[in-house]
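When a ligand or atom number is given, it counts from 1 through the structure's own listing order.
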Amino acid sequence: MSVTTPLSDHACIVVGGGVIGLSIAWELALRGVRSLVLERGRLGRGTSWAGAGILPPANFQTALDPLDRLRGLSHALHREWAERIRRETGIDTGYRACGGIYLARGAGEAASLQGLAQYWREYEIRCEPLDAESLGRREPALADALRRAVLRSAWWVPDEVQIRPPDHLRGLAAAAAQAGVEFREQTPVERLVREGSRVVGVETAQGPITADTVILAGGVWASALNASVHVARDLIPVRGQVVLYRAAPGLLHSVINEGHRYLVPRDDGHIYTGSNEEEVGLDERTTPEVIASLREWAETLVPELRRGEVERTWSGLRPGTIDGFPYLGRAPDFENLYVATGHFRSGLHLSCGTAVVIADLVTGRTPAVNLDAFRPAR
Ligand SMILES: Cc1cc2nc3c(=O)[nH]c(=O)nc-3n(C[C@H](O)[C@H](O)[C@H](O)COP(=O)(O)OP(=O)(O)OC[C@H]3O[C@@H](n4cnc5c(N)ncnc54)[C@H](O)[C@@H]3O)c2cc1C
């Protein structure tokens, strides 16, 4: 099909309605660039929906590494975005400056936590070690684990924050719609339409749509589309499984981290428990073994959870990359095609900063973060 009979013309098409695509579309709209978000399924129901929403502390002022700078930029923006979404749409995104506790059980875990604490201090991120008494005061539900000597060391990190992804996504979509963003769900983009060094639109199952600029933000499912323009070719889906408990509100107060596993308490008593890492392609099923091991971990740490109900389990596919950096920037063979994907375990956290730097590129500004390390065709 040709693009001479467009469904509609847009300044910008964003492929993918996850946290990355929605954030970019909103930021662009606030700068006066009209976009259409094309989503093959339902908005905000991909990996972003499945995530925990932990925003670990970060400091833009002191960060040197480009990924840390992007994290620092995002961390500061999240508070502003949550306030703005609430003001403009009335939606509470679940942004809570609840702080985080980091725990170690074995000697190896304690040593790596000590290293992490050194990193926090170097970058002027507030942290303090907790003795048994102060941990018990902050989180009475963990006091028993200390008495039973399950834990070896603990740190308190006051600037850790959480958002609740389904609410954050709903808020983003509503704010973006108010700012003029249009959405089309159940509209997979099958192909990009190219004229020389420009993308002039996309081909969808419902027909062609033209645009001045196209942004690829399709997460793990967009590999074929990415590969067709030689960008973000090595995305690796990394499955993470989740157990959602319903417990008494107030059982825990902060995000509790131990290695790659964590408990995230929500206001209403739900406790999000994650996670693991598995490379199983695009298989989104949960497995009894992993769910059992997550439960065993959580219930040893907080025995009260044995009395809570497991309300639901699910899994999500993180968009991993070989070097751990996302792909952000302009596709090298094109004047007007941009890529924002591969955020692995941090896409919810990095979404605001990603939106700002991509909008900077689209509108001809120099981003505050040097994007060389994130080149989409590396
Ligand atoms: C268990 C788990 C816990 C996590 N916890 C955290 C956390 O605490 N903090 C954090 O920062 N991150 C976390 N993450 C990671 C985070 O969820 C991801 O990095 C982020 O959601 C990626 O967002 P995305 O928009 O790129 O992908 P997605 O949310 O998957 O969005 C991409 C969208 O593009 C659509 N799409 C794809 N191809 C096409 C096409 N051709 N046409 C139209 N639409 C298309 C898809 O349907 C999808 O809706 C977690 C992930 C998991 C799995």
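- Within the 3.5 Å criterion, the main-chain N or O of Ser74 finds no donor-acceptor partner in the side chain of His349.
- Geometrically, Arg79 does not engage Tyr95 in a cation-pi contact defined by less than 6.0 Å to the ring centre and at most 45° from the axis.
- One finds a salt bridge joining Arg96 and Asp267 here, because a Lys/Arg side-chain nitrogen approaches an Asp/Glu carboxylate oxygen to under 4.0 Å.
- With Trp156 as the aromatic partner, Arg138 meets the cation-pi criteria of under 6.0 angstrom to the ring centre and within 45 degrees of the ring axis.
- A cation-pi geometry, defined here as NZ or CZ lying under 6.0 Å from the six-membered ring centre and within 45° of its normal, does not hold between Arg84 and Trp81.
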One pair per line, please: each N/O atom of ligand 1 matched with every protein N/O atom under 3.5 Å away, atom names first, then the distance to 0.1 Å.
| residue | atom | partner | partner atom | Å |
| --- | --- | --- | --- | --- |
| ligand 1 | 5 (N) | Ala52 | N | 3.1 |
| ligand 1 | 8 (O) | Gly53 | N | 3.1 |
| ligand 1 | 8 (O) | Ile54 | N | 2.8 |
| ligand 1 | 9 (N) | Ile54 | O | 3.1 |
| ligand 1 | 11 (O) | Ser346 | O | 3.3 |
| ligand 1 | 11 (O) | Leu348 | N | 3.1 |
| ligand 1 | 11 (O) | His349 | N | 2.7 |
| ligand 1 | 12 (N) | Arg345 | O | 2.8 |
| ligand 1 | 19 (O) | Phe344 | O | 2.8 |
| ligand 1 | 19 (O) | Gly347 | N | 3.0 |
| ligand 1 | 21 (O) | Ser48 | N | 3.2 |
| ligand 1 | 21 (O) | Ser48 | OG | 2.9 |
| ligand 1 | 23 (O) | Ser48 | OG | 3.2 |
| ligand 1 | 25 (O) | Val19 | N | 3.3 |
| ligand 1 | 25 (O) | Ile20 | N | 3.1 |
| ligand 1 | 29 (O) | Thr47 | N | 3.4 |
| ligand 1 | 29 (O) | Ser48 | N | 2.9 |
| ligand 1 | 29 (O) | Ser48 | OG | 2.5 |
| ligand 1 | 30 (O) | Thr47 | N | 3.0 |
| ligand 1 | 30 (O) | Thr47 | OG1 | 3.3 |
| ligand 1 | 34 (O) | Gly218 | O | 3.4 |
| ligand 1 | 41 (N) | Val189 | O | 3.0 |
| ligand 1 | 42 (N) | Val189 | N | 2.9 |
| ligand 1 | 44 (N) | Arg40 | N | 3.0 |
| ligand 1 | 47 (O) | Glu39 | OE2 | 2.6 |
| ligand 1 | 47 (O) | Arg40 | NE | 2.8 |
| ligand 1 | 49 (O) | Glu39 | OE1 | 2.7 |
| ligand 1 | 49 (O) | Glu39 | OE2 | 3.1 |

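- Of all non-hydrogen atoms in Ala50 and Val242, the two that sit nearest each other are O-CG2, 4.1 Å.
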